[in-house]
Number of protein chains: 6
Amino acid sequence: MTDFQRADGRAADALRPVRIQRQFTCHAEGSVLVSFGLTQVLCTASVEEKVPPHKRGSGEGWVTAEYGMLPRATHTRGDREAAKGKQSGRTQEIQRLIGRSLRAVFDLKTLGERSILIDCDVLQADGGTRTAAITGAWVAAHDAVSWLLAQGKIAQSPIKDAVAAISVGIVQGLPVLDLPYEEDSACDTDMNVVMTGSGGFVEVQGTAEGAPFTRAEMDRLLALAAGGIGELVQLQRTALGL
Amino acid sequence: MTDFQRADGRAADALRPVRIQRQFTCHAEGSVLVSFGLTQVLCTASVEEKVPPHKRGSGEGWVTAEYGMLPRATHTRGDREAAKGKQSGRTQEIQRLIGRSLRAVFDLKTLGERSILIDCDVLQADGGTRTAAITGAWVAAHDAVSWLLAQGKIAQSPIKDAVAAISVGIVQGLPVLDLPYEEDSACDTDMNVVMTGSGGFVEVQGTAEGAPFTRAEMDRLLALAAGGIGELVQLQRTALGL
Amino acid sequence: MTDFQRADGRAADALRPVRIQRQFTCHAEGSVLVSFGLTQVLCTASVEEKVPPHKRGSGEGWVTAEYGMLPRATHTRGDREAAKGKQSGRTQEIQRLIGRSLRAVFDLKTLGERSILIDCDVLQADGGTRTAAITGAWVAAHDAVSWLLAQGKIAQSPIKDAVAAISVGIVQGLPVLDLPYEEDSACDTDMNVVMTGSGGFVEVQGTAEGAPFTRAEMDRLLALAAGGIGELVQLQRTALGL
Amino acid sequence: MTDFQRADGRAADALRPVRIQRQFTCHAEGSVLVSFGLTQVLCTASVEEKVPPHKRGSGEGWVTAEYGMLPRATHTRGDREAAKGKQSGRTQEIQRLIGRSLRAVFDLKTLGERSILIDCDVLQADGGTRTAAITGAWVAAHDAVSWLLAQGKIAQSPIKDAVAAISVGIVQGLPVLDLPYEEDSACDTDMNVVMTGSGGFVEVQGTAEGAPFTRAEMDRLLALAAGGIGELVQLQRTALGL
Amino acid sequence: MTDFQRADGRAADALRPVRIQRQFTCHAEGSVLVSFGLTQVLCTASVEEKVPPHKRGSGEGWVTAEYGMLPRATHTRGDREAAKGKQSGRTQEIQRLIGRSLRAVFDLKTLGERSILIDCDVLQADGGTRTAAITGAWVAAHDAVSWLLAQGKIAQSPIKDAVAAISVGIVQGLPVLDLPYEEDSACDTDMNVVMTGSGGFVEVQGTAEGAPFTRAEMDRLLALAAGGIGELVQLQRTALGL
Amino acid sequence: MTDFQRADGRAADALRPVRIQRQFTCHAEGSVLVSFGLTQVLCTASVEEKVPPHKRGSGEGWVTAEYGMLPRATHTRGDREAAKGKQSGRTQEIQRLIGRSLRAVFDLKTLGERSILIDCDVLQADGGTRTAAITGAWVAAHDAVSWLLAQGKIAQSPIKDAVAAISVGIVQGLPVLDLPYEEDSACDTDMNVVMTGSGGFVEVQGTAEGAPFTRAEMDRLLALAAGGIGELVQLQRTALGL
């Protein structure tokens with residue numbers, strides 16, 4: 001057992017306040033500011049009428065993502081990756097994850113030979129930036145698809161299901177949902193889970209930060225995640241008026 | 001004479017609606033979202049207790065800036081500079097300009113051997129991103145200085161004066177203030193002017209995009225700029241409650 | 001049910017032939033050529049009497065890894081990353097995973113303020129290069145620790161447990177262990193699992209390549225992985241004469 | 001008032017000795033060594049029968065510039081940008097300025113779909129390298145155009161006017177023309193002015209290095225610059241035998 | 001005269017034990033592990049049905065090489081070039097040498113418009129990596145040519161002659177053949193010689209490390225090299241069963 | 001025998017007109033413009049009171065070189081290496097050669113713990129740029145040493161001997177000295193030879209461009225080179241007034 005109390009007084013299985021603001025900026029086909037507590041990520045979806053080389057002539061489209069963090073999104077200022085001249089391993093790992101998660105719910109054939117590029121830029125970070133990014137990216141992508149439908153460029157939606165993501169972890173023995181930075185940096189086990197609206201798993205990435213974790217712990221974490229993602233998918237749908 | 005009417009119905013000498021929101025993000029010592037019409041720039045000021053090599057041991061501080069644009073801040077998506085692995089010439093030119101403009105109103109001796117780093121990230125672009133950035137950066141820097149004073153790290157403010165910036169240009173023969181993208185891309189002459197609160201010039205950068213411009217035209221543009229900057233400095237002061 | 005037969009005739013829960021050759025090269029403190037079937041990875045462990053900046057003065061050591069693939073380790077030649085001037089996202093993701101996995105079984109305090117750098121270079125690839133790398137890297141690191149003990153540089157081993165890794169996946173409905181390239185590129189779900197000798201989980205990375213996967217499928221995959229890793233840890237111990 | 005005397009005894013409104021040597025190297029279509037006092041810049045103009053992507057198919061040509069400085073052109077040796085792997089912000093700012101200045105006097109339609117690339121390499125630096133570069137670049141470009149005419153590749157010259165540049169500044173209260181390094185590093189205000197042969201302004205870039213400058217000071221500086229550029233244009237014409 | 005005795009007891013004109021293992025890895029059209037004593041280089045030859053731009057449409061093929069060294073191939077670990085983001089001057093010099101040496105014995109017209117890319121990766125280094133690489137690369141290229149013949153892609157071999165390489169040097173006054181690292185780092189003169197099977201010179205690269213060398217010394221070194229290369233060519237032929 | 005006549009009417013063993021201009025630029029401790037016919041290289045020698053890491057605390061100095069070519073030094077414009085962001089393999093190979101050649105005649109102990117950096121920048125290229133660079137670099141280095149002596153920073157010269165370099169080659173069967181670009185690109189064998197004033201060999205780099213070359217050909221080429229270098233050393237001494 002554990003006496004651990006969350007700093008913000010939340011229940012172990014409660015999400016932070018989640019906000020999904022569409023049309024946050026005006027130029028992109030989809031533009032969503034998503035907040036999980038203090039974490040704020042601007043997700044824009046851009047439609048381009050071309051595909052990367054490995055899809056050319058295939059009749060299929062592509063969905064990909066880039067991720068960035070403003071230098072002072074964090075407590076102490078980080079180096080600007082554009083100034084350093086390269087993206088960190090962490091950045092690349094996250095943007096690959098976002099891209100795979102989105103593609104898992106897209107029918108690329110129905111999208112046709114065009115691309116949706118998702119940019120996820122963290123304006124303010126307090127843990128869970130990648131899970132907020134995936135959750136917001138899907139809403140932005142949905143708006144971009146609505147734009148494609150409205151423009152008559154596609155006849156039906158290539159989106160097969162919703163996708164959302166949440167972090168879970170074990171802090172001082174307590175399995176908790178949606179970790180802010182303070183919990184994230186203190187936890188023993190950290191897991192990011194990506195699931196579809198219908199409850200299938202898209203990605204599970206669990207890491208033992210301190211001691212290895214057991215099957216029983218994993219089971220509790222996966223259950224927590226499933227609950228949280230269920231709520232997130234509902235919030236996505238509400239935001240979209242579905 | 002000219003029949004040119006501005007698309008948004010503004011008078012030739014009118015600013016777009018300007019908004020200066022302080023404490024837009026929570027981690028930075030100063031954090032300002034500045035809008036000139038649709039142009040939105042997030043300016044954060046970070047205090048670091050170290051200086052670049054050329055100032056070490058001098059007893060003087062440093063103020064510098066970095067500039068970036070989110071890929072979909074613009075009408076069509078631009079490449080992410082972190083992904084390309086280098087900052088464009090335009091980016092470097094703008095961040096050098098912002099840094100010089102801020103330093104023009106800072107007493108680096110009074111700041112002491114520490115740095116204020118300004119990050120100006122464009123969330124949405126519609127012309128005038130560099131002038132909005134300078135205008136917002138000064139407010140963010142002012143907040144960082146207030147934080148330094150409140151922390152007792154400095155005894156008096158190193159800020160000697162306000163600084164703000166505006167664009168002016170000649171569109172179809174009409175000298176106009178604060179050009180949105182549409183006017184900027186169509187203008188014959190484009191000038192960015194940086195001035196202090198007491199009306200001194202810090203930077204004047206005029207470029208003939210089409211035909212060369214005359215002394216008489218420059219005089220009219222400088223007068224327009226001086227008027228606009230006077231208003232901006234007032235808005236900065238109001239935002240800071242000065 | 002499924003009629004899927006593995007191309008090499010293996011049972012669904014069987015590892016490919018695993019070989020662990022120590023002292024494969026002569027300069028490194030630990031040097032292991034590990035083979036999982038046709039996949040061959042050279043893992044060397046280098047001891048350096050310094051630590052990265054974030055550990056300086058901490059009294060603790062560091063264990064990290066780099067990963068590379070010879071250009072013609074694969075069926076068609078890949079670009080040489082040194083010639084392209086940067087490591088791919090995939091490379092960085094894998095080397096971060098190897099480093100985390102090793103650190104999970106190291107007591108960095110006992111290691112003292114020195115580093116063990118693991119280089120994992122794929123000479124021949126046929127799926128599972130990251131899992132073979134982790135499995136071989138632990139043996140190489142163990143040899144480097146034995147060298148440190150023999151040199152009298154440390155008094156007791158900082159290694160708390162063994163660590164090994166295996167891939168599992170679902171191919172045409174059949175959960176299988178240790179996927180070669182052909183199965184890997186055709187599978188619906190791909191999961192890499194890293195576990196300790198005592199059966200704790202260090203990393204679980206599951207990805208739905210086609211359809212999302214269910215909790216029941218994940219359970220079957222984790223059970224397969226646990227069995228395979230048990231065998232690998234035994235092979236590691238045999239190779240080390242423990 | 002001021003007692004400031006220029007170190008080289010020049011009048012405040014006098015240029016340094018200017019020399020324009022054509023055909024300094026043998027391969028380029030135009031090759032000019034231009035000297036403003038000790039500042040020496042080699043300007044070559046290369047004709048290429050292709051245009052950058054944004055001009056392809058437009059029927060219009062392009063004029064652009066690159067700028068470099070030999071490592072020991074300066075008093076203390078600077079790093080070689082090719083060895084560092086990137087061009088500094090200053091370099092990029094200058095080469096963009098040179099390109100814009102040249103394009104201001106070119107009719108790109110008359111040039112036809114081909115490019116003139118100007119390379120400005122500083123062999124010896126003593127202030128004013130960018131203004132010498134622009135002044136010499138125009139002469140080199142003129143020679144390249146003469147070559148195009150002689151080759152029958154174009155029927156009429158795309159050059160609409162001359163263009164030249166000079167620096168002006170305020171040193172110890174005295175407005176002076178054409179500042180060598182010593183004055184440049186000590187001045188309060190530094191302005192680079194680019195004008196056409198017929199007296200139109202192409203670029204005005206004024207920077208307050210110390211105290212902000214006034215409208216009255218700017219007026220005096222612009223008048224100085226206009227005088228100096230008038231002389232430079234005459235020297236360009238003499239060099240070309242026009 | 002000299003009393004210098006080689007550490008391994010070899011005669012001055014003796015090669016180290018040389019081993020040439022074909023089919024060391026399974027994917028490449030040619031794959032050879034070559035050892036000169038402790039120096040081990042994996043040479044793979046990859047056939048690609050395309051040529052670099054300067055050969056397109058020429059009807060001729062291309063043969064080129066890349067060289068790398070695993071980080072811990074050496075006594076102390078070297079930085080990974082892919083992580084540093086660039087190849088050293090030494091790496092580029094060696095891979096250019098290998099490419100030129102191979103092309104000297106290839107008829108590029110007979111090869112047809114395709115490429116053979118040789119990758120030479122040093123697994124273990126003890127001096128002479130470039131000479132072992134050239135010697136092994138020719139065998140790997142020969143296997144790739146046999147594969148092309150067997151596939152019916154070419155009707156006759158483009159290989160005109162064998163090519164092999166060896167180092168010679170003067171250590172403490174004694175001219176010696178095939179220097180290991182210890183001799184190489186202590187020698188006065190170091191020479192790498194590349195010759196064909198019929199005894200023609202392809203490359204001679206002699207460097208005075210300490211005192212300059214004389215014509216007489218060069219003559220003795222070239223004679224030593226010719227003898228060693230004669231043996232190497234015989235070993236290449238034996239390995240190929242010719 | 002051969003009927004080959006050199007395009008410029010020179011005898012096979014004649015140098016092109018050689019010119020060595022000292023004090024070509026004013027800031028460097030040594031500054032030499034060297035011409036071999038149309039090939040012109042500016043060689044500057046810069047003294048720095050520091051050494052690279054591998055020499056720190058050794059009491060010894062260092063001599064090194066960098067090489068560059070202005071984009072339009074050649075018949076068609078080459079890319080600027082600073083803009084491409086990296087130096088080519090050829091550039092690195094040449095600058096390493098120049099550095100080694102200079103160090104062969106320097107006593108680094110006598111130089112003391114300081115560096116001489118030689119920059120060799122090709123203003124105009126017509127073959128033989130590396131040999132002209134070495135020849136001019138030695139004169140520039142000699143001037144830098146004279147400056148060090150005059151400043152009283154060293155008591156005696158660290159220069160042990162002169163060093164110069166020349167190309168030789170076989171064109172249409174005729175061994176010739178000092179090849180211009182036209183001969184260089186057509187020759188069968190190309191050799192660069194670096195020798196000291198007293199006739200010792202420092203570097204010999206011979207390459208078969210077409211057919212392999214024989215010992216007899218090498219002997220003729222080395223004799224030609226020795227003659228040419230004897231003349232060059234005399235010209236170096238004359239330029240220095242020795």
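No hydrogens, no waters, no symmetry mates; every other heavy atom, side chains included, goes into these values. So that the names make sense, note that chain A is the first sequence line, chain B the second, and so on, each numbered from 1.
- Of all the listed residues (M195(B), E217(B), R96(B), M191(B)), the one sharing the greatest number of non-hydrogen pairs under 4.5 Å with chain D is R96(B).
- At a heavy-atom separation below 4.5 angstrom, chain D is approached by Q87(B), S88(B), G89(B) within residues 50-89 of chain B.
- Note: G206(B) leads G206(B), P212(B), A208(B) in heavy-atom pairs under 4.5 Å with chain D.
- In this structure, E182(B) places its CD atom where only 12 or fewer heavy-atom neighbours from other residues, nucleotides or ligands lie under 6.0 Å away.
- Contact annotation for T207(D): both backbone and side-chain heavy atoms come within less than 4.5 Å of a heavy atom of chain B.
- Interface residue M218(B): only side-chain heavy atoms are found under 4.5 Å from chain D.
- The choice from Q205(B), E93(B), Q92(B), E209(B) that makes the most heavy-atom pairs within less than 4.5 Å of chain D is E93(B).
- Residues of residues 219-228 of chain B lying under 4.5 angstrom from chain D, judged on non-hydrogen atoms, are D219(B), L222(B) in numerical order.
- For R103(D), no part lies near chain B; criterion is any non-hydrogen pair under 4.5 Å.
- The greatest number of non-hydrogen atom pairs below 4.5 Å with chain B, out of R100(D), R215(D), K160(D), is found for R215(D).
- Closest approach of F213(B) to V204(D), counting heavy atoms only: CZ-CG2, 4.2 Å.
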